[in-house]
Enquirer: 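Take this structure, written in structure tokens, and hold onto it; I'll ask about it next.
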Amino acid sequence: MLAGPMARRQYPFHLIEPKWQQHWDAEGTFKAFNPGEALPAHHPFAVRHGYSGTAPDAAGLPPKFYILDMFPYPSGAGLHVGHPEGYTATDILARYRRAQGWHVLHPMGWDAFGLPAEQYAIRTGQHPRKTTEANIATFKRQIKSLGFSYDWSREVDTTDPKYFRWTQWIFLQLYHAWFNPATQRAEPISTLSYPAGCETEAQRREYRDARRLAYVSQAPVWWCEALGTVLANEEVIDGRSEVGGHPVVRKPMRQWMLRITAYADRLLADLETIQWSDSLKQMQRNWIGRSEGAEVDFEVVGSGDKIRVFTTRPDTLFGATYMVLAPEHALVERITTVECRAAVERYRSETSSKSDRDRTESVLDKTGVFTGALAINPVNGQHIPIWIADYVLASYGTGAIMAVPAHDTRDYEFATKFGLPIVQVVEPPNGRDWRGFVDDGVAVNSAGPEVCLDGLPTPEAKRRITDWLAAKGLGQRMVNYKLRDWLFSRQRYWGEPFPIVWRTDATGEPWHEALPESALPVMPPALDDYKPTPDGQPPLARATDWVRLPDGAVRELNTMPQWAGSCWYYLRYLDPGNGAGMVGSDAERYWMGSGVARSGGGDAGGKRGVPGVDLYVGGTEHAVLHLLYARFWHKVLFDLGQVTTPEPFFRLVNQGLILGEDGQKMSKSRGNVVNPDDILVEYGADAFRLYEMFMGPLQETKPWSTKGVEGVYRFLGRVWRLFVDEAAETEFEQALAVTEPSQARGLLDRLRLSASVAVGDPTPAQLRALHACIRKVTEDLEGLRFNTAISAMMMFVNEAMTWSTRPAAVLKTFLQLLAPFAPHVSEELWQRLHGHIGQAPGSLGYAAWPEFDPALLVEETVEIPVQVNGKLRDVVRVPAGAGPAEVEAAAKESPKVQAFLADKTLRKVIVVPGKMVNLVVG
RNA sequence: GCCGAUGUGGCGAAAUGGCAGACGCAGGGGACUUAAAAUCCCCUGACCGGAAACGGUCGUGCGGGUUCGAGUCCCGCCAUCGGCACCA
């Protein structure tokens, strides 16, 4: 991987980095404190903010800043260089905000339920717990070796019973709640009122169970034979499992569902209240897929049956020349005529055996059969044929459509293929062909006995016809969503068991019942074999003793999907040890920032956090699933009074992908995977962190370059040599070569700083260089422009290297700027520098962030580019405050410029003070 | 097909509508060295002219436009990447 022999070490990072990581661990430097928690007198946070041994409440603490990483699934392969990209960015910001006086919460944990550990268990019989623990240990070692300032006392693990107890508890909250359409929020199931006819307890139970936010459905689901489980819609891509790419089939099964569709509107609307990228919001909007239209009833000729369709174009009702039902539609059986029955049956069985992939491939070649039945178009009484076709989906809208071939692409293709009539009802603007025209135009041929739309523009026609339909009781305004309810059960072992048991009533019907909170956590049983049973039951069925309860009830055998644990982990970080609730309310109010405006504890007074997580950083792969599910749970918990903000993640940033050196996606098969461990051995954590940030903008996809690591590594070497005496360095290197590695750390004390580093007044030029750097680094950190912040520090160091005397005060401030990026070497030099000038070093991590002084940045003279007709011809130097006339005169004096003015008439002069001059001639 | 993002040197990239290519990598030259590594200094968008100093022309995916001035703003294309994809 790393070509050539190991280069000479630029500085002893191999001693410095473990030293400071151990120091931070021992001191608990980055621990965050909950309201009411006692602050140790000598903790740097307490010292910085002037609390000594007190226990400030929320109002007394500084404003919070919650910086969250998407926690990893600890895979057996260990960390790859993509993980630490986001982690480094958040760590830099966490350290920066701490220095600014905010009270930073920056935690890490493990999303540790999941399939790989279970599949390993199936192969080897090793309990997933063991695999998981080993993988977590690897990940933790790797992450810790990068020197991130996590508060490890808040570490969470979704597979820890003390954690998943509360995952199960949240499920119970969903189970015990319903969505009240009148209030548009979740309420306890006890507020549900029963309609007349719900007399018996069995009837009431059925009514109630059908309205819970967590409910059981018999609907067809995606079954993956290879994985031995069902998958959510979102986990199926092109008829294959997202994980592993195995084939999946449709299969009716009894499954737990979560009623996320009830929240579709709020999930959509509240996107406006949060700071996410537009593209990410758009992806969520598309996924929710809200569309407005109308439902219209069509009567079937010769029967009382009505077919309800959903359409976004009720204005084209006069152009409906046939209808299509989904093959699975309930009415197909009833309306099909004797002559057509055989063909319909054949078509239905063909489509049901089709995989989703086959259906997708048939997009261009539409199929379908006539049922023999006719329907009546309510606007003009026309009889139109009813077909079935698999281009109509049973799961969307009503599973039936009115087909308007003139103005719908799919209907047009179908009608063309089967020779069905095509009638124009919309006149396109500017003379375009009306066939297949699907955009807005003006209604034509749309006059019936009772209603006429002719001449109306599309939006108005929609309104007119919808009002008419409503008045006649034939239809109504309707909103539909692509979003489906969330399939929440999996036939797996390594997941949270449901806190649910099943009982059988007198008639033999099974019904479900929640376990009491006192039964939590429901632990998974011990098993010898983690495979599903031969008869297709989930693996938990193998634990026969566990399944049967003494009172005759039977446990739910499904487990929850991996998303469950990651839906709320950001809340558990707030109060990870709480045994009485998922999160204490004081902690929740403080860290999620919904508490009252504080008077300003600490020295960050006046600052104010935002509601929710201040900054959440992670990959785009979670743009829809995790982020939508977590928002949904958060809103339910909000409705139920468990949390106090409507949205969990106020600001979200997606880090870009890191590609291999060859510009391809990193993968084992391509052999282009870069292991952070190798980089760390060679260049150290500080160089690694710096390079990950120097590569380019955080959000962008960019290729790895180990040569690039060497560049920032050389920069850190220059920083080192800016401080350290060359002779002492040589001595140190020689001593290091003959010292036992275990004793080597003590040698650090032999290092002396250069005599050029001294107490003394900086020159104006030195101050200007420093303050330009402060300004640039500070502004770039605010804008997450880490790459340009680093380049500013490089420029500072390049200049500082030329100074024969290096004022300690200037170097000290520079170390503060460098510290968030390269904390280990900064700490070491910070300590040495203070020793060198005979001062006690305060905690670098909590030293107040420097502010730049604009007055120091002012130059006496400035260079002004001179353009003639917009082209650069010369650069003149003028006094900094020079007025337009002065600048213009200087420009005209330039011989180079004069050459371009000769024989020309000066028509116009544009002077932008301090910026440029443009002389327009002709 | 629809939605979104991105196109700048050999490479990663930088530029509130105002000196395009900062910073870094790679490359070239030099200093130090017996030599190499490391380090330090200089050069490095293309083309034309010039011995050189230097001067000129072109140049931010393509074509138009706005403007004294466009990588940046507007219109129309093209390409790459990501998401969705028979959602009525």
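Because only heavy atoms are used, hydrogens play no part in the values below, and waters and symmetry mates are left out as well, while side chains stay in. Naming: A, B, ... by sequence-line order, numbering from 1 per chain.
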Enquirer: Decide yes or no for A:Glu863 and A:Val876: does some side-chain heavy atom of the first lie under 4.5 Å from some side-chain heavy atom of the second?
Expert: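 No - every pair of side-chain heavy atoms lies 4.5 Å or more apart.
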Enquirer: With a cut-off of 6.0 Å (strictly less than), are more than 12 heavy atoms of other residues, nucleotides or ligands near CZ of A:Arg670?
Expert: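 Atom CZ in A:Arg670 is crowded, with more than 12 foreign heavy atoms closer than 6.0 Å.
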Enquirer: Would you say CG of A:Asp278 has more than 12 non-hydrogen atoms from neighbouring residues, nucleotides or ligands within 6.0 angstrom?
Expert: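 Not buried by this count: 12 neighbours or fewer within 6.0 Å.
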Enquirer: Measuring to OP1 and OP2 of B:C2, would you say a side-chain N or O of A:Gln282 lies under 4.0 angstrom away?
Expert: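 For B:C2, neither OP1 nor OP2 has a side-chain N or O of A:Gln282 closer than 4.0 Å.
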Enquirer: Syn or anti for B:G64, taking syn as within 90° of 0?
Expert: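 This nucleotide is in anti.
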Enquirer: Between protein and nucleic acid, restricted to nucleotides 57-61 of chain B and to nitrogen or oxygen atoms under 3.5 Å apart, what atom pairs and distances do you find?
Expert:
{"residue": "B:U57", "atom": "OP1", "partner": "A:Arg873", "partner atom": "NH2", "Å": "3.4"}
{"residue": "B:U57", "atom": "OP2", "partner": "A:Arg873", "partner atom": "NH1", "Å": "3.2"}
{"residue": "B:C58", "atom": "OP2", "partner": "A:Lys871", "partner atom": "NZ", "Å": "3.1"}

Enquirer: Is it the case that atom CZ in A:Arg775 sees more than 12 heavy atoms from other parts of the structure closer than 6.0 Å?
Expert: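 Count not over threshold, so no.
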Enquirer: For nucleotides B:U6 and B:A14, find the distance between their P atoms and express it as a whole number of Å.
Expert: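 So the two P atoms sit 12 Å from each other.
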Enquirer: Students often get this wrong, so: under 4.0 angstrom with heavy atoms, is A:Glu863 touching a base, only sugar-phosphate, or nothing?
Expert: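 Base contact - A:Glu863 has a heavy atom under 4.0 Å of at least one base atom.
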Enquirer: Salt bridge between A:Glu272 and A:Arg285, side-chain N to carboxylate O under 4.0 Å?
Expert: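 So A:Glu272 pairs with A:Arg285 through a salt bridge.
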Enquirer: Are A:Trp803 and A:Phe814 close enough that their ring centres sit under 6.0 Å apart?
Expert: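 For A:Trp803 and A:Phe814, the ring centres are not under 6.0 Å apart.
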Enquirer: Provide the distance between the two C1' atoms, one in B:A70 and one in B:A51, to the nearest whole Å.
Expert: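 About 39 Å, rounded to a whole number of Å.
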Enquirer: Taking the P atom of each, how far is B:C11 from B:G45, in whole Å?
Expert: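 My reading of the P atoms in B:C11 and B:G45 gives 13 Å.
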Enquirer: On the nucleotide B:A88, are OP1 or OP2 found under 4.0 Å from the side-chain N or O atoms that A:Ser291 carries?
Expert: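 Answer yes for this pair, as a side-chain N or O of A:Ser291 is under 4.0 Å from OP1 or OP2.
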Enquirer: Which pairs count as side chain to side chain donor-acceptor pair (under 3.5 Å) when at least one residue sits in residues 905-922 of chain A, sequence neighbours excluded?
Expert: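 Every candidate side chain to side chain donor-acceptor pair (under 3.5 Å) pair involving residues 905-922 of chain A fails, so no pair, neighbours aside, qualifies.
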Enquirer: When rounded to the nearest Å, what value does the distance between C1' atoms of B:U44 and B:G30 take?
Expert: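 It works out to 15 Å between them.
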Enquirer: For A:Thr311 and A:Lys707, find the nucleotide of RNA chain B closest to each by heavy atoms; which residue's nucleotide sits nearer the 5' end?
Expert: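 That would be A:Lys707.
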Enquirer: Tell me the ring pair (Phe, Tyr, Trp, His ring centres under 6.0 Å) pairs involving residues 692-711 of chain A, sequence neighbours left out?
Expert: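 For residues 692-711 of chain A: A:Phe688-A:Trp704, A:Tyr691-A:Trp704.
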Enquirer: Any carboxylate oxygen within less than 4.0 angstrom of a Lys/Arg side-chain nitrogen, looking at A:Arg348 and A:Glu328?
Expert: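 Here A:Arg348 does not pair with A:Glu328 in a salt bridge, since their nearest N and O are not under 4.0 Å apart.
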Enquirer: Nearest to the side chain of A:Leu872 - B:A20, B:C84, B:U39?
Expert: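 Minimum distance to the A:Leu872 side chain belongs to B:A20.
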Enquirer: Given the ring of A:Trp287, does A:Arg631 sit roughly above its face, with NZ or CZ under 6.0 Å from the centre of the six-membered ring and within 45° of the axis?
Expert: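 Not flagged: A:Arg631 not positioned over aromatic ring of A:Trp287.
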Enquirer: So what does A:Ser791 hit on the nucleic acid, given a heavy-atom distance under 4.0 Å: a base, only sugar-phosphate, or nothing?
Expert: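 Base, at least one base heavy atom under 4.0 Å.
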Enquirer: Assess A:Lys366 against A:Tyr391: is NZ or CZ under 6.0 Å from the centre of the six-membered ring, and within 45 degrees of the ring's axis?
Expert: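 Pair A:Lys366/A:Tyr391 counts as cation-pi.
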Enquirer: Please state how far atom CG in A:Leu317 lies from atom P in B:A88, giving the value in whole angstrom units.
Expert: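 Result: 17 Å.
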Enquirer: Expressed as a whole number of Å, how far does the P atom of B:G9 sit from that of B:C84?
Expert: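 These two P atoms come out 32 Å apart once rounded.
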Enquirer: Look for any protein N or O under 3.5 Å of an N or O in nucleotides 12-18 of chain B and output each such pair with its distance, or none.
Expert:
{"residue": "B:G12", "atom": "O2'", "partner": "A:Met695", "partner atom": "O", "Å": "2.5"}
{"residue": "B:A14", "atom": "OP1", "partner": "A:Asn787", "partner atom": "ND2", "Å": "2.9"}
{"residue": "B:G18", "atom": "N2", "partner": "A:Gln867", "partner atom": "OE1", "Å": "3.3"}

Enquirer: Between B:G18 and B:G56, how far apart are the P atoms? Round to whole Å, please.
Expert: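 Result for the P pair: 23 Å, nearest Å.
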Enquirer: Return the value, rounded to whole Å, for the distance between atom CZ of A:Arg484 and atom P of B:C84.
Expert: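 For the pair A:Arg484 CZ and B:C84 P, the rounded distance is 15 Å.
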Enquirer: Under 3.5 Å, is there an N or O donor on one side and an acceptor on the other linking the side chain of A:Lys482 and the base of B:C84?
Expert: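 Checked by distance alone, the answer is no.
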Enquirer: Are A:Arg308 and A:Asp297 ion-paired here, with the side-chain N under 4.0 Å from a carboxylate O?
Expert: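 Result for this pair is yes, salt bridge flagged.
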Enquirer: What's A:Ser705 touching, base or sugar-phosphate or nothing? Going by heavy atoms closer than 4.0 Å.
Expert: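 A:Ser705: no heavy atom of the nucleic acid under 4.0 Å.
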Enquirer: Should the pair A:Glu413-A:Lys417 be classified as a salt bridge under the 4.0 Å nitrogen-to-oxygen rule?
Expert: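 No, no charged N to carboxylate O under 4.0 Å.
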Enquirer: For A:Ser395, report the nucleic acid contact type (base, sugar-phosphate, nothing); a contact means any heavy atom under 4.0 Å.
Expert: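 A:Ser395: no heavy atom of the nucleic acid under 4.0 Å.
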Enquirer: Taking NZ, NE, NH1 and NH2 as the nitrogens, is one of them in A:Asp265 or A:Arg290 under 4.0 Å from a carboxylate oxygen of the other?
Expert: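 Judged by the 4.0 Å cut-off on N to carboxylate O distance, A:Asp265 and A:Arg290 do form a salt bridge.
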Enquirer: Whole angstrom is fine here: how far is it from CE in A:Met793 over to P in B:G24?
Expert: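 Spelled out: CE on A:Met793 to P on B:G24 is 13 Å.
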Enquirer: RNA chain B: A:Met283 or A:Phe310, which has the more 5' nearest nucleotide?
Expert: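 On the 5' side of the pair lies A:Met283.
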Enquirer: Considering only atom C1', compute the distance from B:G17 to B:C73 and round it to an integer number of Å.
Expert: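 These two C1' atoms come out 8 Å apart once rounded.
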Enquirer: Nearest to the A:Lys896 side chain among B:G55, B:C19, B:A88, which nucleotide is it?
Expert: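 That would be B:G55.
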Enquirer: What pattern of brackets, bars and dots sums up RNA chain B from 5' to 3', given Watson-Crick or G-U wobble pairs under 3.5 Å, [ ] for crossing pairs and | for another strand?
Expert: (((((((..(((.....[....))).(((((.......))))).(((((....)))))..(((((..]....))))))))))))....
Enquirer: Rounded to the nearest 0.5 Å, what separation is found between the CD1 atom of A:Ile274 and the CG atom of A:Leu652?
Expert: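 That separation rounds to 8.0 Å.
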Enquirer: Take the protein atom CG of A:Leu393 and the nucleotide atom P of B:A85, then report the distance between them rounded to whole Å.
Expert: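 It works out to 11 Å between those atoms.
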Enquirer: Encode nucleotides 40-45 of chain B as B, S and - characters from 5' to 3', where the letter depends on protein heavy atoms closer than 4.0 Å: B to the base, S only to sugar-phosphate, - to neither.
Expert: S-----
Enquirer: Kindly compute the distance separating CE (A:Met666) from CG (A:Leu657), expressed to the nearest 0.5 Å.
Expert: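 Taking CE in A:Met666 and CG in A:Leu657, the distance rounds to 8.5 Å.
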Enquirer: Taking the C1' atom of each, how far is B:C78 from B:G61, in whole Å?
Expert: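 That atom pair is separated by 7 Å.
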